[in-house]
Amino acid sequence: METNNAPIEIKKYLPHLKPMLMVDAIERICSEEALTHFAITHSCIFVQNDYLSETGLIENAAQTCSAISGQYYFDAEPTCESQNNPNVIGFISSIKKITVHQLPKVNSVIQTKAQLLTQVQMPDYTICTLKVTIFGTEIVFLEGEMNLFLQKK
């Protein structure tokens, strides 16, 4: 698993840009697992009444999950010009189960752990099932499983 004391640039693994970027950095990543973090601010488009909404939690979960499978489509070392990868699209193909236990407040930092359960890797697309947990200090905000589809354009 790639890890060091400094967070890993998320642009190495996701095509998203703000305001849709719901992951600040990757703390650890390998071919089967990723751990990310995200600081919730008032400027986040998914904040409602000082809390990150259920939709925001699910988008954060999906982006953390897609970082695992997205590794296949991105260069190991992006150049300064590679803000995103316009040749890859991805989406949640289905949510198998999601349980939202609690919503995190603005000005808190959430961590998201994704674990690859199954994956079909083809040259032009990937279909995978992942388990995901979003948590804070002693609090689990979301637990679930989802299927993702990533494809070269």
Side-chain angles (χ1 to χ4, degrees), residues 1-41 44-46 52-79 82-104 108-152:
M1 180 174 277
E2 183 176 332
T3 184
N4 56 28
N5 292 339
I8 301 161
E9 282 291 321
I10 191 64
K11 72 180 182 180
K12 290 174 71 172
Y13 302 98
L14 288 178
H16 299 73
L17 298 173
K18 291 187 179 199
M20 285 303 296
L21 184 61
M22 298 298 296
V23 172
D24 290 327
I26 299 172
E27 295 179 28
R28 293 189 316 263
I29 191 164
C30 68
S31 60
E32 294 93 24
E33 190 174 280
L35 178 65
T36 66
H37 67 262
F38 179 66
I40 303 164
T41 64
C44 176
I45 63 172
F46 294 111
L52 183 64
S53 68
E54 291 90 346
T55 305
L57 283 172
I58 292 169
E59 184 60 28
N60 168 267
Q63 289 183 21
T64 298
C65 288
S66 67
I68 296 170
S69 293
Q71 295 175 74
Y72 177 79
Y73 299 103
F74 287 78
D75 295 331
E77 273 307 313
T79 65
S82 62
Q83 292 287 319
N84 62 0
N85 188 339
N87 295 322
V88 177
I89 58 171
F91 55 87
I92 301 168
S93 60
S94 68
I95 295 176
K96 297 181 96 175
K97 181 180 179 181
I98 291 286
T99 303
V100 176
H101 299 287
Q102 187 175 339
L103 298 176
S108 61
V109 175
I110 57 174
Q111 289 184 293
T112 306
K113 182 178 181 181
Q115 179 183 8
L116 183 65
L117 300 177
T118 64
Q119 179 170 280
V120 175
Q121 183 73 57
M122 302 302 288
D124 293 334
Y125 68 90
T126 303
I127 300 170
C128 54
T129 302
L130 300 110
K131 178 181 175 182
V132 63
T133 305
I134 301 175
F135 56 95
T137 308
E138 300 180 23
I139 298 170
V140 173
F141 295 109
L142 176 146
E143 295 175 284
E145 277 187 34
M146 61 179 59
N147 293 329
L148 298 181
F149 180 85
L150 285 82
Q151 179 180 20
K152 283 185 179 181

What's the spacing between [X] [atom1] and [Y] [atom2] if we round to 0.5 Å?
{"X": "L21", "Y": "I45", "atom1": "CG", "atom2": "CD1", "value": "10.5 Å"}
{"X": "I98", "Y": "I58", "atom1": "CD1", "atom2": "CD1", "value": "5.5 Å"}
{"X": "E145", "Y": "Q115", "atom1": "CD", "atom2": "CD", "value": "9.5 Å"}

Please name all residues satisfying side chain to side chain contact (heavy atoms under 4.5 Å, CB included) with T55, sequence neighbours left out, ordered by chain then number.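 With sequence neighbours excluded, T55 shows a side chain to side chain contact (heavy atoms under 4.5 Å, CB included) to F46, S53, given in chain and number order.
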Kindly write out the residues that satisfy side chain to side chain contact (heavy atoms under 4.5 Å, CB included) with V109, not counting sequence neighbours, or none if the list is empty.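 Testing V109 for side chain to side chain contact (heavy atoms under 4.5 Å, CB included), a comparison that skips the adjacent residues, returns H37, A39.
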Side chains of residues 122-138: which donor-acceptor partners sit under 3.5 Å, not counting sequence neighbours?
from : atom 1 : to   : atom 2 : distance (Å)
T126 : OG1    : Y73  : OH     : 2.8
T126 : OG1    : Q121 : OE1    : 3.1
T126 : OG1    : Q121 : NE2    : 2.7
T129 : OG1    : T118 : OG1    : 3.2
T129 : OG1    : N147 : OD1    : 2.6

Residue pair I92 / L148, side-chain heavy-atom distance below 4.5 Å: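 Contact flag for I92/L148 side chains = yes.
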Is the shortest heavy-atom distance from the side chain of L57 to the side chain of P104 under 4.5 Å?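 Sidechains of P104 and L57: in contact.
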N/O donor to acceptor pairs below 3.5 angstrom from side-chain atoms of residues 60-69, sequence neighbours left out:
from : atom 1 : to   : atom 2 : distance (Å)
N60  : OD1    : T112 : OG1    : 2.4
N60  : ND2    : M22  : O      : 2.7
Q63  : OE1    : M22  : N      : 2.8
Q63  : NE2    : M20  : O      : 2.7
Q63  : NE2    : E59  : OE2    : 2.8
T64  : OG1    : T36  : OG1    : 2.7
T64  : OG1    : N60  : O      : 3.1
S66  : OG     : A62  : O      : 3.2
S66  : OG     : Q63  : O      : 3.1
S69  : OG     : Q119 : OE1    : 2.9

Tell me every residue that passes side chain to side chain donor-acceptor pair (under 3.5 Å) with T41, counting only those two or more places apart in sequence or in another chain.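 If we apply the side chain to side chain donor-acceptor pair (under 3.5 Å) test to T41, skipping adjacent residues, the hits are S43.
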State, to 0.1 Å, how close I26 and R28 come at their nearest heavy-atom pair, and which atoms those are.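 Smallest heavy-atom distance, with atoms named: CG2-O, 3.2 Å.
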